[in-house]
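Before any comments, here is the structure.
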Amino acid sequence: DYTSSSNTSWFNVAYTGIDWYESDLRDATQGDLRRMDVIVLPLALVLVGLVLPRARFTLVWIIPLVTMISTVCSWSIVMRYVAHHMQITQFTPNVMMSLTMGMGIDYTLILLSRFLEENNDKNSAIRQMIQHGGHVVLLSGLTLMFTFLGLCFLPLQMLKSVGVGSAAAIVSSLCVNLTVVPAMLHTRFGDWMVCSEPAGSDSSAEEVAPLDPIENGSLTNEETPDATPDSAESSTVPKSSIWYRLSVHLLHPYKSVIIFLVILQLVVPVALHAIKIKTSIAFDQVMPMASPSLQTSNFLNENLGSGSLAPYQILFDGRGANITMDSDTAFDVMHRVVDDLMVIDSKGVASGLVNVGSSGNEGAQDMTDKLSLELGLSDNAITSADSERVASENDHVLCAHDLTATEKAPAQYAGIAVLKRARIPRSLYLSAKVCSLAKPFCPVEVLHLLNYVDSQFTSQDGHATFITATLGVDPFSDEGVAWLLSAREAIAKLEKEDKLAGIKVEMQGMAAIAYDAVDTVMKGFPVVVATTLLVVFLLMGLFFRSLVAPLRSVVSITLTLAFVFGLGVLVFENGLFRWTGLSRYSGAVGEICWLVPVMAFSIIVGLALDYDVFLVCRIFEFRFEEGHGHKSSIVAGLHATGGIITAAGVIMAVAFGGLMLSSSPVLYQWSFLLTTAVLMDTFVIRTMVVPIITGWTGKWSWWPRPMPPGRIFVEGFEEEEEEEESEEEEPENPILGNQAISE
């Protein structure tokens with residue numbers, strides 16, 4: 001390591017730059033992945049065993065582990081091919097691994113819960129699992145895939161990389177879970193995994209029949225079950241269930257209103273802050289805070305100036321007007337542009353010009369001496385003979401702005417027409433060219449400097465040049481972006497007033513490129529949001545053949561999004577958690593990396609839709625296929641899925657929460673939003689808000705799809721159900737209605 005071997009007591013060697021940024025970011029990514037493998041994965045597998053009481057704790061974790069390994073192998077093969085055709089950003093594997101761990105375990109949990117819910121023979125249970133649970137997983141996976149692929153329509157390679165990688169992870173997880181899980185359950189492992197009784201159950205309690213093992217398609221036990229599976233009344237929700245007790249309040253005509261208003265009172269004030277979200281293009285938001293390259297960059301910014309590492313370039317192109325940059329016209333344009341930028345830099349406080357030379361009768365020596373004084377150079381005296389030789393036209397004035405009144409260090413300029421904050425007369429520039437021709441090395445330091453700048457900044461044909469503008473503030477900060485916008489506005493105004501003489505003037509630089517890219521993405525982001533929600537509405541509408549059901553889903557998902565983004569503003573912009581003293585919540589208050597909301601949106605929509613489909617499909621199944629009454633179907637559906645949804649939320653929170661330990665701001669901000677989203681959605685929105693809204697909409701919940709009259713009622717909801725059913729109209733064609741039920 002050259003850095004460590006070169007450091008001495010006299011000086012230190014450190015590196016920074018794009019290549020070193022990428023190296024440090026790659027090392028940090030590998031560390032985050034190792035941390036997830038060591039800490040997060042075991043916790044998630046333990047939670048799977050805890051939320052499936054009918055499965056043996058010592059065996060059930062093997063299924064999600066096998067599916068995760070298979071999923072990683074699958075998308076690794078896919079991404080190896082993709083990497084040959086597009087660039088993959090360093091943190092794309094982090095996102096893919098989080099999705100694999102979260103969504104993979106999520107899908108496995110949905111399938112296993114449906115498998116263990118069946119009391120029939122194993123083949124029948126697997127068929128029911130694929131028919132119902134597989135349907136939910138398929139709809140969720142396809143929708144999430146489309147939301148991620150929507151990132152590919154944004155004009156930024158970084159987001160395209162995340163979109164393609166995430167879609168590959170979701171599709172791999174989807175295919176693996178729909179094939180590997182049924183295959184494993186069909187083996188002897190499926191028999192060993194199922195307990196006769198739920199863990200912790202009382203021996204005197206009602207016995208839960210194990211799944212009958214299968215051999216050659218027949219039952220291995222000799223006894224024939226007395227009870228037939230055609231006993232819908234056996235699905236009655238016990239009053240001891242926490243979801244039954246919660247449903248009593250959620251479906252009450254008055255209590256539901258109070259609960260809903262309380263939730264809105266807590267959610268809406270936070271959600272309103274979402275419209276105040278202010279993103280940052282600061283480069284240190286992407287880099288790990290402790291990376292050596294970032295620390296070196298910060299050291300240089302502190303000692304050389306905040307804008308020293310990323311100066312702007314003001315490009316002057318005279319090819320269209322056939323103007324060379326050594327002409328009077330070009331120098332007039334460059335001076336005019338820089339003068340206007342100096343006024344912007346001083347915030348309009350320009351106390352006048354300090355004349356460094358006088359017009360018409362000042363020699364080159366006097367001008368070089370005054371320029372040397374302005375630049376802080378010394379020993380630049382020039383002999384009278386040299387003065388006469390390099391003297392030329394002196395009809396321009398060397399001058400500078402007096403900006404001592406400004407609060408921050410003014411911008412410094414460098415080019416053939418300006419050095420620091422001093423304007424270079426064309427006569428002095430021509431003197432530098434003559435001096436460089438007269439001797440191999442021009443003896444006048446200022447003229448030699450001008451000649452060197454010309455050789456580096458001006459094109460060979462002389463039709464183009466650029467002037468660097470080194471700001472006194474970080475170009476990636478809000479102040480730096482404001483300066484860029486003001487500079488572009490000033491240049492556009494000069495062009496509109498025809499004061500550029502046909503010379504094309506453009507602003508370029510790392511910060512300018514970053515701002516333009518982010519600005520383009522943010523302008524297209526609302527279209528992606530609207531398109532994603534429209535896709536959700538259409539897919540849900542086609543799935544349920546209803547208009548009300550998808551509308552309810554879109555509204556509830558929007559509520560989750562607004563709350564999460566609003567909380568992100570409060571935490572990372574307003575410093576809500578600053579009192580904790582944690583650097584993640586206090587070190588960069590006022591800034592949210594622009595990449596965070598763009599990446600988080602697709603995942604939050606996919607996860608919220610995943611839980612919504614799981615709950616609503618179960619309610620629909622009880623209502624349409626099994627003939628429960630409206631409110632009874634809500635109670636039964638919430639009882640069947642509430643525990644799985646909340647458990648899945650905890651597992652996803654663990655999976656995404658592991659990235660909160662990352663040292664990269666973009667990753668721990670992203671992790672915070674996703675962790676908050678899954679907890680909020682699973683514990684409040686899906687299990688409380690959706691049942692309340694569904695209860696209120698009554699018979700219109702599935703409009704325009706007709707529902708059959710309710711035949712089965714959960715105890716405690718009979719009277720209300722019967723009153724509602726008596727108000728509903730019977731289908732005009734009973735035969736068609738029966739056909740619909742049989743579908």
Side-chain angles (χ1 to χ4, degrees), residues 155 307 310-345 392-399 411-437 442 446-471 475 480-481 483-517 519-520:
Y312 286 110
Q313 289 85 40
I314 309 168
L315 307 179
F316 296 87
D317 185 1
R319 290 174 297 180
N322 196 25
I323 298 176
T324 58
M325 293 298 103
D326 59 357
S327 64
D328 284 330
T329 301
F331 267 73
D332 287 340
V333 170
M334 287 187 282
H335 290 159
R336 187 175 295 115
V337 170
V338 173
D339 283 344
D340 282 9
L341 297 186
M342 285 182 175
V343 174
I344 295 173
D345 184 55
S392 61
E393 56 188 304
N394 300 317
D395 54 349
H396 290 275
V397 180
L398 186 62
C399 53
Q412 302 295 325
Y413 301 87
I416 62 174
V418 61
L419 286 176
K420 284 194 173 179
R421 297 181 65 80
R423 247 190 315 179
I424 305 298
R426 177 173 178 266
S427 59
L428 195 61
Y429 166 77
L430 296 177
S431 298
K433 301 293 289 184
V434 173
C435 183
S436 65
L437 296 175
C442 183
V446 170
L447 299 183
H448 176 69
L449 175 62
L450 280 175
N451 186 65
Y452 175 78
V453 170
D454 179 59
S455 66
Q456 298 295 315
F457 288 17
T458 305
S459 62
Q460 292 184 354
D461 61 3
H463 282 89
T465 189
F466 68 88
I467 295 175
T468 62
T470 304
L471 304 188
V481 171
W483 187 93
L484 172 64
L485 297 179
S486 299
R488 286 179 169 175
E489 184 179 350
I491 293 172
K493 182 179 179 182
L494 290 175
E495 184 177 9
K496 184 178 181 181
E497 296 174 354
D498 199 21
K499 293 183 179 180
L500 299 181
I503 296 177
K504 189 173 181 60
V505 183
E506 298 286 350
M507 295 288 297
Q508 192 268 345
M510 289 179 59
I513 294 173
Y515 173 78
D516 291 340
D519 183 60
T520 304

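Just so it is clear, the model here is predicted, and its values are computed rather than measured. One is the number of the first residue; the rest follow in order along the sequence.
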In Å and rounded to the nearest 0.5 Å, what is the [atom1] to [atom2] distance from [X] to [Y]?
{"X": "Lys496", "Y": "Leu494", "atom1": "NZ", "atom2": "CG", "result": "12.5 Å"}
{"X": "Leu341", "Y": "Arg336", "atom1": "CG", "atom2": "CZ", "result": "13.0 Å"}
{"X": "Ile503", "Y": "Phe316", "atom1": "CD1", "atom2": "CZ", "result": "8.0 Å"}
{"X": "Ile314", "Y": "Arg488", "atom1": "CD1", "atom2": "CZ", "result": "11.5 Å"}
{"X": "Ser327", "Y": "Asn322", "atom1": "OG", "atom2": "CG", "result": "10.0 Å"}
{"X": "Leu428", "Y": "Cys435", "atom1": "CG", "atom2": "SG", "result": "10.5 Å"}

Take Arg426 and Asp326 through the test salt bridge (Lys or Arg N to Asp or Glu O under 4.0 Å) and record every step on the way to the result.
CA-CA 7 Å; Arg426 177 173 178 266; Asp326 59 357; 5.7 Å; no
Mark yes or no for whether [X], through its side chain, and [Y], through its backbone, hold a donor-acceptor pair below 3.5 Å.
{"X": "His463", "Y": "Asp461", "answer": "yes"}
{"X": "Gln456", "Y": "Asp454", "answer": "no"}
{"X": "Ser459", "Y": "Ala464", "answer": "yes"}
{"X": "Ser455", "Y": "Tyr452", "answer": "yes"}

Taking all non-hydrogen atoms of both residues, which atom of [X] and which atom of [Y] are closest, and how far apart?
{"X": "Pro311", "Y": "Thr470", "result": "CB-OG1, 3.6 Å"}
{"X": "Tyr312", "Y": "Gly480", "result": "OH-O, 3.5 Å"}
{"X": "Ala501", "Y": "Ala321", "result": "O-CB, 3.8 Å"}
{"X": "Ala411", "Y": "Leu471", "result": "CB-CD2, 3.9 Å"}
{"X": "Gly509", "Y": "Gln313", "result": "CA-OE1, 3.7 Å"}
{"X": "Ile467", "Y": "Ala417", "result": "CD1-CB, 4.5 Å"}

Thr468 vs Gln412, side chain to side chain contact (heavy atoms under 4.5 Å, CB included): CA-CA, chis, key distance, verdict
CA-CA 8 Å; Thr468 62; Gln412 302 295 325; over 6 Å; no
Mind checking whether [X] and [Y] have side chains closer than 4.5 Å, heavy atoms only?
{"X": "Ile513", "Y": "Gln508", "result": "yes"}
{"X": "Leu500", "Y": "Val337", "result": "yes"}
{"X": "Leu450", "Y": "Leu419", "result": "yes"}

Test side chain to side chain contact (heavy atoms under 4.5 Å, CB included) applied to Leu484 and Met507, step by step:
CA-CA 8 Å; Leu484 172 64; Met507 295 288 297; 4.1 Å; yes
Chi angles and distances behind the side chain to side chain contact (heavy atoms under 4.5 Å, CB included) call for Thr465, Met334
CA-CA 10 Å; Thr465 189; Met334 287 187 282; 3.8 Å; yes
Parallel, tilted or perpendicular, as decided by the 30° and 60° cut-offs, for the rings of Tyr429 and Phe331
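The rings of Phe331 and Tyr429 sit tilted, inter-plane angle from 30° to 60°.
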Between Lys433 and Asn451, does a side chain to side chain contact (heavy atoms under 4.5 Å, CB included) hold up when you go through it step by step?
CA-CA 6 Å; Lys433 301 293 289 184; Asn451 186 65; 4.0 Å; yes
Salt bridge check: are Arg423 and Asp339 linked by an N-O gap of less than 4.0 Å?
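Yes.
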Salt bridge check, Lys493 against Glu495: does any charged N sit closer than 4.0 Å to a carboxylate O?
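Judged by the 4.0 Å cut-off on N to carboxylate O distance, Glu495 and Lys493 do not form a salt bridge.
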Crowding at CD, Gln460 (>12 non-hydrogen neighbours, <6.0 Å)
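Open.
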